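Model, not experiment: these values are computed from the prediction. All heavy atoms count here, side chains included; hydrogens, waters and symmetry mates do not. So you know, we letter chains A, B, ... as the sequences are listed, proteins then strands, and number each from 1.
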There are 2 protein chains.
Amino acid sequence: MEEYSEKQLSILKVAERLFADQGFHGTSVRDIAQEADVNIAMISYYFGSKDKLLETIFTYRLEASRKFINELLENDTLEPLDKINSLIDRFINKMLGEQYFQCIMSREQLNSQQSPVRDLIWQLKGEMLGLMQPIVTNAQEAGIFDKDVDVEMLMTTLFGTIHQVIPAQHILKKNAPADVTTDEEFSVYIKNRVSIHLKKLFKAILTHEF
Amino acid sequence: MEEYSEKQLSILKVAERLFADQGFHGTSVRDIAQEADVNIAMISYYFGSKDKLLETIFTYRLEASRKFINELLENDTLEPLDKINSLIDRFINKMLGEQYFQCIMSREQLNSQQSPVRDLIWQLKGEMLGLMQPIVTNAQEAGIFDKDVDVEMLMTTLFGTIHQVIPAQHILKKNAPADVTTDEEFSVYIKNRVSIHLKKLFKAILTHEF
DNA sequence: GTTTAAATTAAACGTTTGTTTAGTTTTGTG
DNA sequence: CACAAAACTAAACAAACGTTTAATTTAAAC
């Protein structure tokens, strides 16, 4: 784990935003350099290449995701459903808190030809499945959760819903209550709405209660 | 609605696949021309430009989607839940049957700067919400569905789950039963698995039954 | 068979791409 | 101050990009 200078962090931040908004190939290093207010050559100088820059963003973000997963594992005192609910809220907060990166992930996971970045994505997804699976299995054996649950599909729904909410925010903003005006208010509003929705979904499927 | 020659259709087909696999900016017109076995100049000759080519793919596919929606509206004799189930199955079949195009949609809906293509996507999504909303509302008034349902989020989950399944198929293929070997068998298997999952989800949320 | 339009081609167009070079400035150290 | 290493810059690089041109072949109509 390296440390990055302010300038490097500025490049990473700008690159993440532009890659999210316009795609990797839709963003030129000149765009990045201009918005980050650095010389073009600095990007190669710091990160080696444009590809390596993307990889740097990924290792940087995914390292944080690993920490995030390990923190989730420590909450071992909660009831199974509370554990699931806590997990849902944390996922929503994490993913909506790094929307630019999640956009890049959405894009990169679609690439057919395998790449270092693509491999990292699916490896992490596997780890997240491995996080939820035992919680569900244990609760099933304790007779708390329904036996007949497709956990892999449930995770797909969790990620899919959040990944779908991110680009849909323009639309959701229009239909939001009138008292939601600022960006911060909307952020709270949308997180809460997704949270309620997903918790209801999971509870219904896992416990057959409402 | 125009008719396209075999050569034009060949270009459209190849372009759709490559745009899905590598992204729009990640695919060059030379790539498309080579794989479609036509001269590079033919793409501009037929479609005007690379951008127009993408737009052509969209108008072509979205026209079919409109027909698809109208067909759904005709099934007016079914019970509300059967109507929802039919809708789920048709969506799964449609979207998994045109996976390349759905990949392109997944990518393009992430673009921040508005474009003809982006507008078309969200317009269609609005229409699909408008398709499901009355079904749910009517059943709610008849006391068949739960009053407290976030239909917009439910649609988000529907699309999100299917859009997430598409790139996850490599992984899901590994964990598939041993008797699923051919591509056709896997296609049936995965459609069925998603169908069961989503129907269960919708039934639980809408009717509080299992 | 001749003529006219459409289809097709190879080559070239001017940009833009990511990257590198060679030179300059800044920084830190003895 | 002197000096070496790091940081930074403007310019140039070759390659790839989407598009157009001008010439040629094919097809259709009379």
Side-chain angles (χ1 to χ4, degrees), chain A residues 1-60 104 107-108 111-113 115-118, chain B residues 1-60 104 107-108 111-113 115-118:
Chain A
M1 167 157 174
E2 303 169 39
E3 289 293 315
Y4 296 108
S5 70
E6 270 192 46
K7 233 168 201 174
Q8 285 171 313
L9 285 171
S10 155
I11 292 172
L12 287 169
K13 196 177 168 187
V14 168
E16 188 179 57
R17 193 185 80 241
L18 294 182
F19 287 161
D21 285 346
Q22 318 173 355
F24 177 74
H25 291 292
T27 306
S28 71
V29 291
R30 280 171 179 81
D31 290 339
I32 299 169
Q34 190 178 359
E35 291 223 25
D37 198 33
V38 299
N39 189 282
I40 324 165
M42 295 310 289
I43 289 170
S44 294
Y45 179 72
Y46 280 142
F47 303 100
S49 69
K50 191 189 174 190
D51 286 89
K52 291 273 182 62
L53 173 59
L54 181 64
E55 286 180 43
T56 303
I57 292 173
F58 263 85
T59 53
Y60 183 84
I104 301 177
R107 283 202 155 92
E108 293 300 318
N111 287 355
S112 69
Q113 44 187 196
S115 67
V117 158
R118 211 192 74 144
Chain B
M1 165 153 176
E2 304 170 40
E3 289 293 315
Y4 295 108
S5 70
E6 267 193 47
K7 231 167 202 174
Q8 284 171 313
L9 285 172
S10 155
I11 292 172
L12 287 169
K13 195 177 168 186
V14 168
E16 187 178 57
R17 194 185 79 239
L18 293 182
F19 288 161
D21 285 346
Q22 319 173 355
F24 177 73
H25 292 294
T27 305
S28 71
V29 291
R30 282 172 178 81
D31 290 340
I32 299 169
Q34 190 178 0
E35 291 223 22
D37 197 32
V38 299
N39 190 281
I40 322 164
M42 295 309 289
I43 290 169
S44 294
Y45 180 73
Y46 280 142
F47 303 101
S49 68
K50 191 190 174 189
D51 285 270
K52 291 274 181 63
L53 174 59
L54 180 66
E55 286 181 42
T56 304
I57 292 173
F58 264 85
T59 54
Y60 182 84
I104 301 177
R107 284 203 153 93
E108 293 299 318
N111 287 356
S112 69
Q113 45 187 198
S115 67
V117 158
R118 210 192 75 143

**OP:** With sequence neighbours excluded, give me every side-chain hydrogen bond (donor to acceptor under 3.5 Å, both in side chains) pair touching residues 34-48 of chain B.
**Re:**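 Qualifying pairs: R17(B)-E35(B).
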Subject >> Side-chain touch F58(B)/I104(B), heavy atoms, less than 4.5 angstrom >> reply: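 Sidechains of I104(B) and F58(B): in contact.
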Original post:
Are Q22(A) and D31(A) side-chain neighbours, meaning at least one heavy-atom pair lies under 4.5 Å?
Top reply: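 The answer is yes, as the side chains (C-beta and beyond) meet within the 4.5 Å cut-off.
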What closest approach, in Å, do [X] and [Y] show between heavy atoms, and which atom pair accounts for it?
X	Y	value
V29(B)	I43(B)	O-CD1, 3.6 Å
R118(A)	E108(A)	CG-O, 3.8 Å
L18(A)	T27(A)	O-OG1, 3.1 Å
P116(B)	E55(B)	CG-OE2, 3.9 Å

Detail all sub-3.5 Å separations between protein N/O atoms and N/O atoms belonging to nucleotides 21-26 of chain D.
none

In whole Å, I'd like the distance from the [atom1] atom of [X] to the [atom2] atom of [N].
X	N	atom1	atom2	answer
K50(A)	dA16(D)	NZ	P	15 Å
I40(A)	dA12(D)	CD1	P	13 Å
Y45(A)	dA11(D)	OH	C1'	18 Å

Subject >> Bounds of contact between DNA chain C and chain B, in 5' to 3' order, using a heavy-atom cut-off under 4.0 Å >> reply: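 In short, chain B contacts DNA chain C from dA6(C) to dA12(C).
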Original post:
With no hydrogens and no angle check, is any side-chain donor or acceptor of T56(B) less than 3.5 Å from a backbone partner on K52(B)?
Top reply: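 Pair found, side chain donor or acceptor close to backbone of K52(B).
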Original post:
To the nearest 0.5 Å, what is the distance between CD1 (I32(A)) and CD (E16(A))?
Top reply: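 The distance works out to 11.5 Å.
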Original post:
S44(B) or R30(A): which one's nearest nucleotide on DNA chain D is closer to the 5' end?
Top reply: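 The answer here is R30(A).
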**OP:** Can you sort out the partners of F24(B) under ring pair (Phe, Tyr, Trp, His ring centres under 6.0 Å), two or more places apart, ordered by chain and number?
**Re:**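 F24(B): ring pair (Phe, Tyr, Trp, His ring centres under 6.0 Å) contacts with F19(B).
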Original post:
For F47(B), which residues count as a ring pair (Phe, Tyr, Trp, His ring centres under 6.0 Å) partner, sequence neighbours excluded?
Top reply: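 So F47(B) forms no ring pair (Phe, Tyr, Trp, His ring centres under 6.0 Å) with any residue.
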Original post:
F47(B) near the nucleic acid: base, sugar-phosphate alone, or nothing, with a heavy-atom cut-off under 4.0 Å?
Top reply: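 Nothing: the residue F47(B), judged by heavy atoms under 4.0 Å, touches no strand.
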Subject >> Listed nucleotide nearest any side-chain atom of N39(A), set dA12(D), dT9(D), dT19(D) >> reply: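 Given the options dA12(D), dT9(D), dT19(D), the side chain of N39(A) is closest to dT9(D).
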Subject >> Contact list for DNA chain D against residues 9-29 of chain A - heavy-atom distance below 4.0 Å >> reply: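 Correct list: empty, so none.
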